[in-house]
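All chains are named by letter (A, B, ...) in the order of the sequence lines, taking the proteins before the strands, and each is independently numbered beginning at 1. Keep in mind it's a predicted model, so treat the numbers as computed, not measured.
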2 protein chains.
Amino acid sequence: MSPRQAQPSDTAASRDTPARDLPHRDVRGGVKGIPEATVARLPVYLRALHGLKERGVMTVSSEELASAAGVNSAKLRKDLSHLGSYGTRGVGYEVEYLVYQISRELGLTQDWVVAIIGVGNLGRALAGYGGFASRGFRVAGLLDADASTVGQRISGLTVEHIDQLETIIKDHGVSIAVIATPASAAQPVCDRVVAAGVTSVLNFAPVVLTVPEGVDVRKVDLSIELQILAFHEQRKAGGPHEEYVEVHQ
Amino acid sequence: MSPRQAQPSDTAASRDTPARDLPHRDVRGGVKGIPEATVARLPVYLRALHGLKERGVMTVSSEELASAAGVNSAKLRKDLSHLGSYGTRGVGYEVEYLVYQISRELGLTQDWVVAIIGVGNLGRALAGYGGFASRGFRVAGLLDADASTVGQRISGLTVEHIDQLETIIKDHGVSIAVIATPASAAQPVCDRVVAAGVTSVLNFAPVVLTVPEGVDVRKVDLSIELQILAFHEQRKAGGPHEEYVEVHQ
DNA sequence: TGATGTGAACATCTTCACAGCG
DNA sequence: CGCTGTGAAGATGTTCACATCA
């Protein structure tokens, strides 16, 4: 029961809770266990499907949907096969039906209550992000420690003082906390939201958060993304400076 | 030479350019090829090392550094072994030396010039992000299409009109573009920056970008992160609604 | 002696190629 | 026939456990 740190994976937003902590067991006794890599792509498919739906497309082949989602068709079919046999051989997938099935699998047929902690530019951007409300995510609170920010109205919500954190989480049943505070505040805030009952954290602060078992942490980190791009830029340009080339083997 | 789309991987910020397009060949003839998963963790190690350095730590064991970075020590050692033998058996790694080696490997010993396109709340947050300047990333321009935004001074830079895009990219040698525009503008903007010579794109817009071969795209997508968290929340709570349980098998 | 570096085992993910079905 | 769904092969990533060496 010792606290664990969010495990960086090969991503900017990395998943906590390795398989050994939360085995992919089907709670109802089966062995469904959708692979993590598939779970991470389902939202992309869902977005592509919504686009098709808006354009009036009723049916889509794995080739078309894969192309819209930026993956190859084999991967798409394998991914969808983990949800069930929702396609029709010789035809493709019914857009509306697939939207429903993926939404249900992702848990988007119910509402999730979110609190955003830290209302700087980033917090404001997040609060105003349309993608929140559009799919089952309801922002129950914006919180900040700065007295001059508290009380401001942003995207239809009034910023509340961080002192209200526990109250808001409990009163609104917040299960997902978005941490957009400065780095130094992130861990203390994380500890508080977890203590108050939050079990999922989306962390924008550039720190590795430590959380108890059973709490999921994903992180989004601009600086890491840029550094990964820099690595590839450098490789395109010819690798690290020549004078050090032979250091490794 | 056909355009390809950014491939979503298991991440919010996913890497473009699968191995078949840019094989991990050492440009100088070797076979170094640091694994992508390792590259994605190096920035995390680097951050942890900077923290240790500031606290005056001179030497660190794989166990300690791994703990600070939120990974296990075997993974850390394997990752570092791809860079070379920079540790001392029985002792550990010299913090300063390792900082330098990782920085060099990531291409942070040189400066990268960045342009941020789209100066909404998100663009402002990015422009003000300290992590930019602190490590080899210089913001050469903030651009926006909105007349009332153009001319504003933000974090020491004046917002310029999107018409200046090509000029700024060429004059400043921008190699990384950060796209923080609305979804509808992202692909056209991406096409323009690529045409002007940019070879790395960090995309915050919720769309799959299509780019020519040789251009790297990574994406950061709040909505996808939340949906992944929702999936795990749902799993903790007992899986998709019971009445549909038997649909799959 | 004690920690690194690494081969080997294991696990996960991707791609291939085609069986099987509407 | 044309497409999905999927075993099998291949590639990549992780962990183990210990040989190796300062």
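For A:Lys75 and C:dT15, the shortest distance from a side-chain N or O to OP1 or OP2 is below 4.0 Å. Applying the 4.0 Å criterion to OP1 and OP2 of C:dT15, one finds that A:Asn72 has a side-chain N or O inside that range. Between B:Ser62 and C:dA3, a side-chain N or O to OP1/OP2 separation shorter than 4.0 Å is absent. At the phosphate of D:dC3, neither OP1 nor OP2 sits under 4.0 Å from any side-chain N or O atom of A:Ser61.
In this structure, OH of B:Tyr86 is placed 17 Å from C1' of C:dT6, rounded to the nearest angstrom. Protein atom CG of A:Asp79 is 13 Å distant from nucleotide atom C1' of C:dT12, rounded to whole Å. Computed from coordinates, the A:His82 NE2 to C:dT14 C1' distance equals 11 Å when rounded to whole Å. To the nearest angstrom, P of D:dC3 lies 9 Å from CD of A:Glu64. Between B:Leu76 atom CG and C:dG5 atom P there is a gap of 10 Å when expressed in whole angstrom units. A straight line from CD of B:Glu94 to P of C:dA3 spans 18 Å, rounded to a whole angstrom. When the P atom of C:dT4 is taken as reference, atom CG of B:Leu83 falls 15 Å away, rounded to whole Å. For the pair A:Arg41 CZ and C:dC13 C1', the interatomic distance rounds to 8 Å; values are reported in whole Å.
Closest to the side chain of A:Lys78, from the set C:dG5, D:dA8, D:dT4, is D:dA8. Among the nucleotides C:dT4, D:dT6, D:dC16, the one closest to the side chain of B:Tyr93 is C:dT4.
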Distances for protein N or O near nucleotides 18-22 of chain D N or O, under 3.5 Å:
from   : atom 1 : to      : atom 2 : distance (Å)
D:dT20 : O2     : B:Arg89 : NH1    : 2.5

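No side-chain donor-acceptor contact under 3.5 Å links A:Lys53 to the backbone of A:Val99.
For A:Asp79, the side-chain hydrogen bond (donor to acceptor under 3.5 Å, both in side chains) test picks out A:Thr38, A:Arg41, A:Tyr45, with sequence neighbours left out.
Of the N and O atoms on the side chains of B:Gln227 and B:Ser223, at least one donor lies less than 3.5 Å from an acceptor on the other residue. No hydrogens or angles considered: nothing links the side chains of B:Arg47 and B:His50 as a donor-acceptor pair under 3.5 Å.
The distance from the CG atom of B:Leu222 to the CG atom of A:Leu202 is 6.0 Å, given to the nearest 0.5 Å.
By the 6.0 Å contact criterion, CD on B:Gln110 is enclosed, its count of non-hydrogen atoms from other residues, nucleotides or ligands being greater than 12.
Contact annotation: the side chain of A:Lys236 approaches that of B:Thr199 to within less than 4.5 Å [non-hydrogen atoms, C-beta and beyond].
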